[in-house]
Amino acid sequence: MKTILEQISETVSRGFEKAGYDASYGKVGLSNRPDLCEFQCNGAMAGAKAYHKAPIMIANEVAEVLKDESAFSEIGAVAPGFLNIKVSDDFLAEYLNGMRTGERFGLEVAAPKKIIVDYGGPNVAKPLHVGHLRAAIIGESVKRICRYMGNEVIGDVHLGDWGLQMGLIITELKKRCPDLPYFDESFTGEYPKEAPFTLSELEEIYPAASAKSKEDDAFKEEALEATKQLQKGNRGYHALWEHIMNVSVPDLKRNYADLSVDFDWWKGESSVDKIIPGMVDDMKKNGFAHESEGALVVDVAEQSDTKEIPPCMILKSDGAALYTTTDLATLVDRKNNFDPDHLIYVVDKRQEMHFIQVFRCAKKTGIARKDTQLDFLGFGTMNGKDGKPFKTREGGVMRLETLIADIRETMLKKITENHETDPQEAEKTARIVALAAIKYGDLSNQATKDYIFDTDKFTSFEGNTGPYILYTIVRIKSILAKYKDALSGASALPEVIGLPQNDAEKALMLEITKFSQVIALSYEEIAPHRICAYIYDVCNAFNRFYHETRILTEEDTARKEGWIALLILTRDILETSIDLLGFAAPEKM
RNA sequence: GUCCACGUAGCUCAGCAGGAUAGAGCGUUCGCCUCCUAAGCGAAAGGCCGGAGGUUCGAAUCCUCUCGUGGACGCCA
């Protein structure tokens, strides 16, 4: 089904043609003067020059041609040359009924593409902290949007499980427990099945080792060497690495599940390690890679660059792989396993340079096809109320679990304050609302900008917040539930949406019609915040309508049934939209 | 130093394939519950869209310069 703007534009374009002008001037947009009209066309002013005619004359002629058009209840020319349009009730109701019966509410999708969204990047052995929140939330939403648009989409967590942090942990462990068999080079037996550390010990070991390496050069040297040994296949180190993974990954999975974030692939840097030697050889053989300052690099600077782009480093001067190496090898792996048309990296925007290098190198060396779309969606920093990076009161990095627990507690308090509820039920609802508060709070901002994580604001039921959205959906559900209860036996819910009965109802209907445009735009721009803005508009329109209309007590059955059908569509649109953002609504709250 | 992003109401943010009077929310002030969840709705006050030029019939939106803030600039990830 064509979007409402497309349909109206087509009609107006025909009008321009009939009046003797080029059809291209008939493009219609949303009105920016809702007090005057619902849709507007500015084509007459654009065409004035070409036709040497006053814009108002052109607009008048077009309006005259279209004055009997059944889709419009009003079309008029206004100085200096605007065409102001209101759609007819019949047209609007017909459009909504088309949405109701159409797949994806009439949203048209293009031929499916294969897309990989890379949006995790947590390091194993480290607990998730608030820095991982944005990647998870934005990436999950992007993945769902891509999928909704009919594409085949893979979400990959892309674990940091192969770099220096593993060497650091191994080295620190060696200092603490040198007698473990993993450090005995002559040991040939089987290593223990149980890890020599617990999760919380592991979480303590890494920061300790990291801190040590910053002060102690010898320790850092050792860690670098251990990293290299691990990558070379040292048996004991590899066994330790497996322990680290076995202890850490289940915990990561649990944390992501808590956020309703899930990945199709749990691959990591380690899973592409075997690819690296061959890839590097190819780059050398084909003349892409050369030595520079002891390291192996590929030049990626281009003539048109306005700044210097350093070469893409493939191997460090000690021969070890690094970030770029594994990212490139990952591209090789992904091509072999999935052959994606499009890759989207949801990563902190400070890593932009790195990805420019990787993308250019991949294209240049043929690791990515020339027509593969490589996108870097860099997100901004999550700041505290003071405008500085989000920290705990003590100034440390806050664990993600702690943050989520805090928000849940706040929500639980609010829910129990306002309503008497069963404690278990309240707990469940609090979890759902808390997730909405966090995710909506993040996604309603443009991803690329820094934003302020304000707990008080996000958990509020007032304003543009997750809880307000859920509250509105619950209101709708509540009416539908009551309506259903009153229905005799197995009668079906009414389906057909009727003509709007008042301004508030028409306004709600008009908001709903924007669905296709909004989803398509948020997909094109990879911009979930567009969906947030849309949802908020729909909720406001609904609440206004709700306030003016007594639905359940309406005596005119046809009217009432039309409203129920409209509520069902509103609910479905809202629930579909929040699902694209990565959260859901409860039945009651 | 070079390059990039951002600067919109007291605060937090939309709007940026140029259009008619720049929008929300919070906060402030004032109304509205015998009625489907008042966790709601309505209204008021609050702006030289950082500054200066330019392109255009028309600029918050495009271009140039300038000031301010943040970030990136080869062996961390």
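Keep in mind that what you see is a predicted model, and the values were worked out from it rather than measured. Chain letters run A, B, ... following the sequence lines, proteins first and then strands; every chain starts at 1.
- Atom pair F355(A):CZ and A72(B):P shows a separation of 15 Å (rounding to whole Å applied).
- C30(B) has its base anti relative to the sugar, with a glycosidic angle deviating from 0 by more than 90°.
- Checking C76(B), A77(B), U56(B) against the side-chain heavy atoms of K49(A) singles out U56(B) as nearest.
- Taking 4.0 angstrom as the limit, R350(A) places none of its side-chain polar atoms (N or O) nearer than this to OP1 or OP2 of A5(B).
- Set against U37(B), A39(B), U12(B), the side chain of I452(A) has U12(B) as its closest nucleotide.
- Closest approach to the Y536(A) side chain among A24(B), C35(B), A77(B) is made by A24(B) (side chain taken as heavy atoms from C-beta onward).
- Checked against C75(B), C3(B), G70(B), the side chain of D450(A) finds its nearest nucleotide in G70(B).
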Original post:
Pairs counted as Watson-Crick or G-U wobble with both distances under 3.5 Å: what dot-bracket string results for RNA chain B, using | for bases tied to another strand?
Top reply: (((((((..((((.....[...)))).(((((.......))))).....(((((..]....))))))))))))....
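- With hydrogens and angles ignored, a donor-acceptor pair under 3.5 angstrom links the side chain of Q40(A) to the base of A20(B).
- In this structure, the side-chain contact (heavy atoms from CB on, under 4.5 Å) partners of E203(A), at least two apart in sequence or on a different chain, are P127(A), L199(A), D251(A), R399(A).
- Base orientation of A60(B): anti, since the glycosidic angle falls outside 90° of 0.
- Each of F355(A), F376(A), F379(A) was evaluated against Y345(A); a single residue qualifies, F355(A), per the ring pair (Phe, Tyr, Trp, His ring centres under 6.0 Å) test.
- In the interface, the side chain of S292(A) is paired with the base of G74(B) through a donor and an acceptor atom under 3.5 Å apart.
- A cation-pi geometry, defined here as NZ or CZ lying under 6.0 Å from the six-membered ring centre and within 45° of its normal, does not hold between R475(A) and F542(A).
- Ion pair R134(A)/D348(A) not flagged as a salt bridge, since none of the NZ, NE, NH1 or NH2 atoms sits closer than 4.0 Å to an Asp/Glu carboxylate oxygen.
- Residue Y471(A) and nucleotide G40(B) are not classified as a stacked aromatic pair, given the requirement of ring centres less than 5.5 Å apart at an interplanar angle below 30°.
- Between Y546(A) and A38(B) there is a side-chain polar atom (N or O) within less than 4.0 angstrom of OP1 or OP2.
- In this structure, L581(A) and K439(A) have side chains that are not in contact, with every pair of non-hydrogen atoms separated by 4.5 Å or more.
- Atom P of nucleotide A14(B) and atom CG of L521(A) are separated by 15 Å, given to the nearest angstrom.
- Annotation: the span from S271(A) atom OG to W266(A) atom CH2 amounts to 12.5 Å, rounded to 0.5 Å.
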